[in-house]
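First the structure, in the form of structure tokens, and then the observations on it.
Hydrogens, waters and symmetry mates are skipped; everything else that's a heavy atom, side chains included, is used. Order of the sequence lines sets the chain letters (A, B, ...), proteins ahead of strands, with each chain counted from 1.
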2 protein chains.
Amino acid sequence: MSQTRPPAPAGSSQLIRQLNAQRVLSCMWGREPSTATELMHATGLTRATILTLCRELTEQGWLEVSENSRQAGQYTKGRPALRYAFREDACHVIGVDAGLHQVTAAVANLRGVEVGCATRESNPQGSDAPPQPAQERRRTILDTVDAALAQAGLAHADVACLVIAVPAPVDSSGHSPKGLNPFWSLMNPELISLGAEHGWDCAVDNDANLAALAELDLQSSSLHDSFAVILSGERLGAGIVMEGRLLHQPRGGIGELGMLDLVHGVESANGLGWWARHLAREALQKTPELAGPLGEVTAEAVTSEHVFAAAAQGDPLAREIIDQLADRLARICVVLSGLLDLDRILVSGAIAPALTDVAALAKQKLAQYLYAPWLQIEASTLGADAVRRGALRLAVDRIQDRALNSGPGH
Amino acid sequence: MSQTRPPAPAGSSQLIRQLNAQRVLSCMWGREPSTATELMHATGLTRATILTLCRELTEQGWLEVSENSRQAGQYTKGRPALRYAFREDACHVIGVDAGLHQVTAAVANLRGVEVGCATRESNPQGSDAPPQPAQERRRTILDTVDAALAQAGLAHADVACLVIAVPAPVDSSGHSPKGLNPFWSLMNPELISLGAEHGWDCAVDNDANLAALAELDLQSSSLHDSFAVILSGERLGAGIVMEGRLLHQPRGGIGELGMLDLVHGVESANGLGWWARHLAREALQKTPELAGPLGEVTAEAVTSEHVFAAAAQGDPLAREIIDQLADRLARICVVLSGLLDLDRILVSGAIAPALTDVAALAKQKLAQYLYAPWLQIEASTLGADAVRRGALRLAVDRIQDRALNSGPGH
DNA sequence: TCGCTTATATTAAGTCTTTATATTAAAGCG
DNA sequence: CGCTTTAATATAAAGACTTAATATAAGCGA
């Protein structure tokens with residue numbers, strides 16, 4: 001009975017195979033097609049190894065052989081190299097910006113390119129009706145997702161991951177604190193369970209955190225810089241990236257800005273949009289017969305858009321308000337950057353495009369409070385897209401992690 | 001000429017050897033002696049592999065065979081197992097707390113146990129003399145280090161790493177900002193070069209950061225909690241640990257608390273010791289003939305120690321001051337914990353032992369400003385040792401990293 | 001069309017490292 | 001002294017990589 005040896009020892013040396021497969025796949029993830037020779041230089045592995053791994057990854061569905069070997073035109077002599085391409089449509093992901101007033105869902109491929117998008121009103125801005133109850137909100141989100149899928153021409157089975165952004169703190173299991181602030185529960189009524197019925201991987205996260213991820217995706221210039229993204233509409237929220245990684249805590253409270261109540265000249269966590277409207281209304285009530293563009297609106301009807309538009313036309317009151325907003329923003333930057341030594345602070349959200357001047361002014365005012373000449377203060381170029389893009393980015397990241405860590409689980 | 005094949009292919013499969021050696025060494029680093037069987041359970045590797053690795057690590061000097069195989073007494077029958085022990089004295093490290101008023105150096109083995117310690121006065125507390133010039137400070141530090149080594153009975157060659165803590169921000173290359181604050185340059189006059197003459201690995205870091213490391217070392221109960229350590233003597237400084245890792249930035253500005261100037265009820269980055277003295281002096285000047293223990297000191301001579309001692313005796317003025325200190329601390333905690341969602345905040349430094357009551361009071365007052373019932377606010381038990389212990393911890397960590405990552409470089 | 005050149009793909013050793021099994025060694029105990 | 005127990009060593013087998021040789025797929029020129 002000692003003649004026959006069991007055939008499969010199954011050593012732990014498959015680990016190295018896993019590591020190398022990871023390296024190859026990360027080299028190709030979201031990139032242009034590559035030849036074995038290019039991958040050899042990128043990874044330091046041998047041609048034989050690279051080709052074996054590429055074959056495996058192709059069988060798993062992550063890569064495919066692209067035919068344009070010679071057309072790519074690096075060289076003209078010799079046997080044309082095989083070119084392996086990242087399969088950006090191996091599966092798709094969905095990112096949802098589930099805001100208070102509207103819900104936007106986008107379908108994207110694994111490069112993060114949107115192939116479908118849909119929006120539904122949720123709690124219309126003007127109305128004084130109570131916010132949607134939990135079931136209705138869940139329904140709205142599912143409807144929006146289905147509409148986005150329909151526009152993309154994809155079925156539920158084509159989707160691998162769903163990420164939902166909500167204006168509330170979200171803990172590491174996807175829930176928001178109950179009881180403390182009823183608004184939070186209404187914004188995130190157990191949304192983490194939404195993906196389950198289609199068997200999708202699902203995550204819920206705070207909107208500001210995801211906006212920060214979107215910026216991280218975009219500004220990959222200096223990979224190790226640190227920044228905060230301030231989401232600044234009606235209320236303030238922040239996401240913080242340190243050395244290329246988004247800070248997270250199990251309770252999900254990072255970037256909550258309630259503590260601004262204690263900061264001189266800020267006094268609240270209300271957003272810049274809120275303050276623009278508030279300051280304008282106050283001034284209009286005080287002097288109803290005001291000259292200039294801003295005087296044409298009544299105190300009740302004035303919005304932040306009016307203020308920014310008027311400021312662009314040179315209205316002195318609007319300019320004064322802009323100046324106050326900039327001072328507020330500068331002080332917020334002092335707190336964030338003074339404590340965390342950030343490289344830059346980005347103001348994002350739907351009103352970001354209007355805040356270019358405010359950010360520049362804030363940068364000037366910063367020096368009054370803090371020596372940090374390196375600090376950039378800018379308005380995000382993503383604007384209203386930031387949160388949704390961040391959700392898509394997280395979804396793609398989750399798929400990539402899964403691909404790298406648990407091989408064939410396609 | 002094709003018969004003879006080159007002997008050494010040197011594949012990348014040594015990588016797995018490296019990884020496994022790392023696992024084994026981390027399992028044993030600073031721990032009690034282990035048998036192969038124990039390591040098998042800890043690492044999942046086979047006995048043969050474990051023993052090979054242990055033999056290699058022994059040759060490299062990190063482990064040694066300890067003879068008390070059977071005495072350990074887990075079992076009594078069968079062949080006694082080899083027991084490999086971590087060589088805590090493979091080399092030694094030095095940690096220096098280079099404060100403004102005094103310099104303390106300690107020599108420790110690789111478990112972090114101090115085997116020698118020495119202190120030198122630097123800029124005596126009372127004196128109004130200008131601070132030591134750069135060369136003199138470097139000399140003082142080297143003297144202290146030599147004294148500590150002499151007490152430990154060790155030579156320069158026995159030391160592998162030197163870490164120096166200074167009360168100034170320190171960037172990732174060990175330098176402090178020049179020009180901005182002359183005090184910083186005086187505290188850190190290119191100390192990073194001090195280790196070079198003996199060939200030691202050398203690092204310089206901010207004192208509050210290192211105090212945070214010391215706490216991380218101590219409270220390893222819950223490995224993934226997040227906290228801040230506030231070093232609170234004359235000036236405030238903080239070190240921040242998120243999910244078990246110390247936050248760092250290339251410029252070294254994390255935990256600088258200058259932004260507290262903007263916080264209501266805090267208004268400055270002065271430390272709790274400074275405030276205790278300041279408030280007492282103010283009150284004594286206002287009413288020179290004060291009853292109670294605190295009235296026995298003159299306004300000029302009063303120190304924070306007087307205040308804490310008087311409060312312990314029930315002096316009403318001192319209690320009032322304690323209350324104000326607690327409010328200040330609570331507000332600082334609101335800013336830190338509100339933004340970063342910390343699990344606890346520790347107050348450290350030489351006056352920490354006197355701050356137990358202040359911390360408890362601050363915890364009570366916190367609820368006025370922030371809902372965070374999970375937040376612990378406590379005085380560190382390390383007190384004046386915190387910074388030096390943190391320096392030692394960093395030094396040991398650096399040696400461990402070097403051991404794990406570059407094999408035989410002993 | 002037939003070689004020749006060039007660049008890549010495939011295949012066949014050879015080595016390293018681990019696992020699995022068998023064998024040997026070192027105790028204690030009756 | 002033999003038996004039992006537990007650990008260390010030896011040997012064989014398998015996975016994974018590298019090296020080197022060989023095969024393949026072009027283009028180019030005579």
Side-chain angles (χ1 to χ4, degrees), chain A residues 1-24 33-41 43-58 65-84 407, chain B residues 1-24 33-41 43-58 65-84 407:
Chain A
M1 70 196 285
S2 67
Q3 284 89 326
T4 61
R5 291 179 166 281
S12 90
S13 80
Q14 276 95 323
L15 192 143
I16 197 168
R17 181 56 156 264
Q18 178 83 8
L19 285 175
N20 284 333
Q22 279 181 24
R23 284 213 305 208
V24 171
S34 301
T35 67
T37 309
E38 289 162 11
L39 289 173
M40 287 165 63
H41 292 148
T43 65
L45 297 170
T46 312
R47 162 165 280 116
T49 309
I50 295 283
L51 288 169
T52 309
L53 289 172
C54 283
R55 229 183 330 254
E56 275 185 24
L57 289 168
T58 304
V65 180
S66 73
E67 290 303 334
N68 52 346
S69 45
R70 183 56 53 91
Q71 291 88 316
Q74 283 95 333
Y75 61 95
T76 168
K77 290 181 290 192
R79 177 175 179 171
L82 285 174
R83 287 175 73 81
Y84 285 92
Chain B
M1 71 196 283
S2 66
Q3 284 91 322
T4 63
R5 293 181 165 281
S12 88
S13 81
Q14 275 96 324
L15 190 141
I16 197 169
R17 180 59 152 263
Q18 177 83 6
L19 286 175
N20 284 334
Q22 279 181 24
R23 284 212 306 206
V24 171
S34 302
T35 66
T37 310
E38 289 163 12
L39 289 171
M40 286 165 64
H41 291 147
T43 65
L45 297 170
T46 313
R47 163 167 279 115
T49 309
I50 296 283
L51 288 169
T52 308
L53 290 172
C54 283
R55 228 183 330 255
E56 276 186 23
L57 289 169
T58 304
V65 180
S66 73
E67 290 302 335
N68 54 347
S69 46
R70 183 57 52 90
Q71 290 89 317
Q74 283 96 334
Y75 60 94
T76 168
K77 293 180 288 192
R79 174 175 181 172
L82 285 174
R83 287 174 74 79
Y84 285 92

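Atom CG of B/L39 is separated from atom P of D/dA8 by 11 Å (rounded to the nearest Å). Between the CE atom of A/M40 and the C1' atom of C/dT10 there is a distance of 14 Å, given to the nearest Å. Taking atom NZ on A/K77 and atom P on C/dA7, their separation rounds to 6 Å, with Å as the unit. Rounded to whole Å, the distance from CD on B/E38 to P on D/dT6 is 15 Å. Distance CG (B/L82) to P (D/dA8): 5 Å, rounded to an integer number of Å. One interatomic measurement links the two molecules: NE2 of B/H41 to C1' of D/dT6, which rounds to 13 Å at whole-angstrom precision. Atom-to-atom, OH of B/Y84 to P of D/dA7 comes out at 14 Å; the value is rounded to the nearest Å. Summarising the geometry, the separation between CG on B/L15 and P on D/dT18 is reported as 11 Å, rounded to the nearest angstrom.
Residues from residues 50-58 of chain A that place a heavy atom under 4.0 Å from any atom of DNA chain C, listed by number: A/L51, A/R55.
Nearest to the side-chain atoms of B/R47 among the listed nucleotides D/dA16, C/dA26, D/dT9 stands D/dT9. Checking D/dC17, C/dT19, C/dT18 against every side-chain atom of A/N20, the shortest atom distance belongs to D/dC17. Closest to the side chain of A/T49, out of D/dA8, D/dC17, C/dA9, is D/dC17. Side-chain proximity of B/R17 to the nucleotides C/dT18, D/dA8, C/dA26 is greatest for C/dT18. Of the listed nucleotides (D/dA25, C/dT19, D/dA7), D/dA7 has the atom at the smallest distance from the side chain of B/A81. In the set C/dA9, D/dA7, D/dT18, C/dA9 carries the atom at the smallest distance from any side-chain atom of A/R79. Minimum atom distance to the side chain of B/I16 is reached by C/dT17, of the listed D/dT5, C/dT17, C/dT19.
Note that CG of A/L51 and CG of A/L45 are 11.0 Å apart. Values are rounded to the nearest 0.5 Å. Here the CD atom belonging to A/E38 is positioned 11.0 Å from the CD1 atom belonging to A/I50, to the nearest 0.5 angstrom. From A/L15, atom CG reaches atom CG of B/L15 across 9.0 Å, with rounding to the nearest 0.5 Å.
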Could you go through nucleotides 1-4 of chain C and list every protein N or O atom that sits under 3.5 Å from one of its N or O atoms, giving the distance for each pair?
none

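In this structure the side chain of A/L53 never reaches within 4.5 angstrom of the side chain of A/L39, judged on heavy atoms.
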Residues B/V65, B/L82; criterion side-chain contact (heavy atoms from CB on, under 4.5 Å); working and verdict: CA-CA 7 Å; B/V65 180; B/L82 285 174; 4.2 Å; yes
Test log, rule side-chain contact (heavy atoms from CB on, under 4.5 Å), inputs A/V24 and A/N20: CA-CA 6 Å; A/V24 171; A/N20 284 333; 5.6 Å; no
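For the helix from C/dT1-D/dA30 to C/dG30-D/dC1, the angle separating the two terminal helix axes comes to 30°, with each axis derived from five pairs and the value rounded to 10°.
Sorted by first and then second residue, the side chain to side chain donor-acceptor pair (under 3.5 Å) pairs with a member in residues 47-56 of chain B read B/R17-B/E56, B/T37-B/R47; sequence neighbours excluded.
Between A/T37 and C/dA7 there is no side-chain polar atom (N or O) within less than 4.0 angstrom of OP1 or OP2.
The nearest pair of heavy atoms linking B/L57 to B/A21 is CD1-O, 4.2 Å.
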